[in-house]
**Q** 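One structure, pasted below without further comment.
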Amino acid sequence: MSSKYYITTTLPYINSDPHVGFAAELIKADVIARWQRLLGKEVIFNTGTDEHGLKIYRKAKDLNINVLDYCNKASEKFAELKDSLNISYDRFIRTTDENHIKAAQEFWKRCEKNGDIYKKNYKVKYCVGCELEKTESELVDGKCPWHPNQELDIIDEENYFFRFSKYQDKLLKLYEENPEFVKPKHRLQEIKSFVKSGINDFSISRLKEKMPWGVPVPGDESQVMYVWFDALVNYISTLDWPNEEGDFRDFWPGLQVAGKDNLRQQSAMWQAMLMSAGIENSKKVLVFGFLTSEGQKISKSLGNNINPIEYSQKYGEDALRYYLLEQIPTYGDGDFSVSNFELLYNSHLANELGNLASRLSNLIAKEDFDPNIKKDSDQEFNENIKELMDKYELQFALHAIWQKIRQTNEYLTKEAPWKIEDKIKKQKVLEFSLQSLYDACLKLQVFIPSTCEKILKHFEARPIEKIEPLFPKIKNK
RNA sequence: CGCGGGGUAGAGCAGUUGGCAGCUCGCCAGGCCCAUAACCUGGAGGUCGCAGGUUCAAAUCCUGCCCCCGCAACCA
């Protein structure tokens, strides 16, 4: 087992504000990264921003500002997001970084050398509404059936293409040989059937005169890379590739996490690109679900987006982390609702965890003794959590930890140390309770780090005093 | 027949290889009084979308049907 561990999120596209769905992805990746560090591994945890392409170019033009200035500002918002969620990242890569641009170009050259990049004149009818090519058979009265009010654009330009089709069999082989390559299983099924149904070469460049905001294609002044091609390379450029001696050698391949909209890009396109460049495939791809807000799709036009930064400022980042990890199935879709958030905050964080710390610290403070606490005393508990975490079942692991917190409340009520006369006996009960809370927090710290740090520090200090409320209750008038 | 997900107690969800239907919240009743009016115990509440089939046994497998939702169109 290697002592190095690499994990990366996808890079969010910066043409709009941070989405709570991406916040969830960041948090899940953070839990995994923290867990691996807890196991003693040396971890590189990468995230960053994806900054090229037409939409960003247009957006900056609309705002009438320099494109790079726009990117600097927008990227800053995502940097702020990760900080406000207490994300333990090691790298924050921007696709406008110099070393990334060089890496993308080198990557291109490798694919080209392998005969997988070719130029093709392609003339298609293109629906801007769909951002998709349209064939004659798809059209109704010469118009896109979904956007009958829009005129179709005629695209007629020479672009470079990537020989995706060449990798169909190799991809299928990759999936066959690694049944755990994509998690959960049904996503592997989905990508398999997509690849099996036949994949087409995709365009990987744009005419510079129409759209200059991209990485220059090596050896062709007139073209820039299509945003997806350069963006995907970040997963290795952040490891300083094409330098193959340093972090890349030690940390690649790694674990990739992504939203379900990214299934094809991460588990098919990028994997084919790696094969073409002669680089080992990713270790695994975890695919997460989507979030709704109050049961409805989150969209700008509905104006129901949740600002994760606002929530973490108002209730503390651990409250938001807890909600997204506890309430949302790790690999499924979930819903964010304010009433549910408040409910979970009060009943779990304030009443169960917060109150347990309060009552226990108070009981011990009154006793004035020095409990003897060991690390990881509960073998069965440790193994149970480890097993779940090894399978990346974050939600189930969190539930199992919470069971321990509940059991500790139960134990305290049952033993009622405040009634026990015998000092030794009383202190034994308190010591055991504290040990349970301590064990739970050692694992819980990967989920809600700053709260657990407070708890652990408080109970490691001597003498133990009564603790301040960790989660003040939310009162509804 | 585009691809994918789902329909399980009032709400939100678990249910791995088929084996007495579970969890959180809410509700009702009790206990406790160390604690953030917190904690603990017990209870009520379900024809597991509908209809067939396989089986000693199906929420779980098979067939058909109905209904939601996501992607494909700003948005992870």
Side-chain angles (χ1 to χ4, degrees), chain A residues 9-13 15-26 50 55 59 127-132 144-147 150 184-187 189-191 193-194 197 257-264 287-293 295-305 326-329 331-335 337 339-340 342-344 346-367 391 393 395-396 399 402-403 406-420 426 429-430 433 466-475:
Chain A
T9 66
T10 54
L11 301 192
Y13 201 60
N15 69 327
S16 60
D17 287 342
H19 190 284
V20 69
F22 179 65
E25 180 182 328
L26 261 180
D50 179 6
K55 284 179 194 168
K59 180 115 186 196
C127 173
V128 179
C130 296
E131 293 278 13
L132 282 178
C144 169
W146 307 109
H147 302 92
Q150 283 189 18
K185 263 186 236 142
H186 67 258
R187 294 291 169 213
Q189 266 321 111
E190 189 177 344
I191 196 63
S193 68
F194 166 70
S197 73
V257 303
K260 65 183 182 183
D261 58 327
N262 252 271
L263 178 67
R264 288 181 188 184
V287 181
F288 303 139
F290 271 12
L291 279 171
T292 50
S293 165
Q296 279 197 304
K297 183 176 170 171
I298 298 171
S299 77
K300 281 179 190 161
S301 45
L302 284 172
N304 64 345
N305 41 334
E326 204 280 347
Q327 200 68 180
I328 313 297
Y331 301 102
D333 295 342
D335 185 51
S337 90
S339 60
N340 210 11
E342 292 183 347
L343 196 77
L344 203 72
N346 279 342
S347 65
H348 286 207
L349 295 175
N351 293 352
E352 291 180 331
L353 177 59
N355 182 52
L356 174 61
S358 286
R359 64 196 301 217
L360 192 53
S361 64
N362 185 52
L363 287 165
I364 294 172
K366 283 197 220 160
E367 262 318 290
K391 290 193 284 186
E393 291 294 351
Q395 189 192 28
F396 295 153
H399 287 172
W402 218 259
Q403 270 314 307
R406 293 197 167 112
Q407 281 163 9
T408 311
N409 267 323
E410 230 176 272
Y411 176 80
L412 263 184
T413 304
K414 218 176 269 169
E415 296 298 325
W418 51 90
K419 274 189 189 165
I420 300 175
K426 184 195 275 189
V429 169
L430 294 177
S433 306
K466 186 171 176 188
I467 196 169
E468 289 297 307
L470 297 163
F471 297 97
K473 284 190 91 162
I474 301 170
K475 312 246 185 204

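These numbers were taken from a predicted model, which means no experiment stands behind them. First the proteins, then the strands, lettered A, B, ... as listed; each starts at 1.
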**Q** Walk along nucleotides 10-16 of chain B from 5' to 3' and tag each nucleotide B, S or - by protein heavy-atom contact under 4.0 Å, base first, then sugar-phosphate.
**A** -------
**Q** Once side-chain contact (heavy atoms from CB on, under 4.5 Å) is applied, do any residues pair with A:Ile328, and if so which ones, sequence neighbours excluded?
**A** A:Leu291, A:Tyr323, A:Leu324
**Q** Distance check needed: B:G4 C1' versus A:Phe290 CZ, whole Å only.
**A** 12 Å
**Q** Just how far, in rounded Å, is P of B:G5 from CZ of A:Phe288?
**A** 18 Å
**Q** Pairs under 3.5 angstrom, nitrogen or oxygen only, protein versus nucleotides 35-37 of chain B, please.
**A**
residue, atom, partner, partner atom, Å
B:A35, O3', A:Lys466, NZ, 3.2
B:A35, O2', A:Asn355, OD1, 2.4
B:A35, N3, A:Asn355, ND2, 3.2
B:A35, N3, A:Arg359, NE, 3.1
B:U36, OP1, A:Lys466, NZ, 2.3
B:U36, O2, A:Phe471, O, 3.3
B:U36, N3, A:Phe471, O, 2.9
B:U36, O4, A:Gly354, O, 3.4
B:U36, O4, A:Leu470, N, 3.1
B:U36, O4, A:Phe471, N, 3.2

**Q** Is it true that a side-chain atom of A:Asn346 and a backbone atom of A:Ile474 form a donor plus acceptor pair closer than 3.5 Å?
**A** yes
**Q** Could you pull out all residues at least two apart from A:His19 that satisfy side-chain contact (heavy atoms from CB on, under 4.5 Å)?
**A** A:Ile298
**Q** With the side chain of A:Glu352 defined as its heavy atoms from C-beta on, choose the nearest nucleotide among B:C39, B:A76, B:G4.
**A** B:C39
**Q** If you look at every strand shown and take non-hydrogen atoms under 4.0 Å, does A:Leu291 touch a base, only sugar-phosphate, or nothing?
**A** base
**Q** Given B:C33, B:A76, B:G4, which nucleotide is nearest the side-chain atoms of A:Trp418?
**A** B:C33
**Q** Return the value, rounded to whole Å, for the distance between atom CG of A:Leu412 and atom P of B:C33.
**A** 14 Å
**Q** When the distance from CZ of A:Arg187 to P of B:C71 is rounded to whole Å, what number comes out?
**A** 12 Å
**Q** Just the dot-bracket of RNA chain B, please: which string comes out with Watson-Crick or G-U pairs under 3.5 Å, [ ] for crossing, | for another strand?
**A** .((((((..((((.....[..)))).(((((.......))))).....(((((..]....))))))))))).....
**Q** Touch check for A:Glu25, heavy atoms < 4.0 angstrom, all strands: base, sugar-phosphate only, or nothing?
**A** nothing
**Q** If a pair satisfies salt bridge (Lys or Arg N to Asp or Glu O under 4.0 Å) and one of its residues is in residues 352-364 of chain A, list it, with sequence neighbours excluded.
**A** A:Glu352-A:Arg406
**Q** So which one's nearest nucleotide on RNA chain B is more toward 5', A:Arg264 or A:Phe22?
**A** A:Arg264
**Q** Looking at B:G31, I'd like to know if its phosphate oxygens (OP1 or OP2) sit under 4.0 Å from a side-chain N or O belonging to A:Lys414.
**A** no
**Q** Validate the cation-pi geometry between A:Arg264 and A:Phe194: distance from NZ or CZ to the six-membered ring centre under 6.0 Å, angle to the ring axis within 45°.
**A** yes
**Q** Measure the distance from CG on A:Leu344 to P on B:G26 and round it to the nearest whole Å.
**A** 11 Å
**Q** Students often get this wrong, so: under 4.0 angstrom with heavy atoms, is A:His399 touching a base, only sugar-phosphate, or nothing?
**A** nothing
**Q** Check every strand shown and say whether A:Leu343 touches a base, only sugar-phosphate, or nothing at a heavy-atom separation below 4.0 Å.
**A** sugar-phosphate
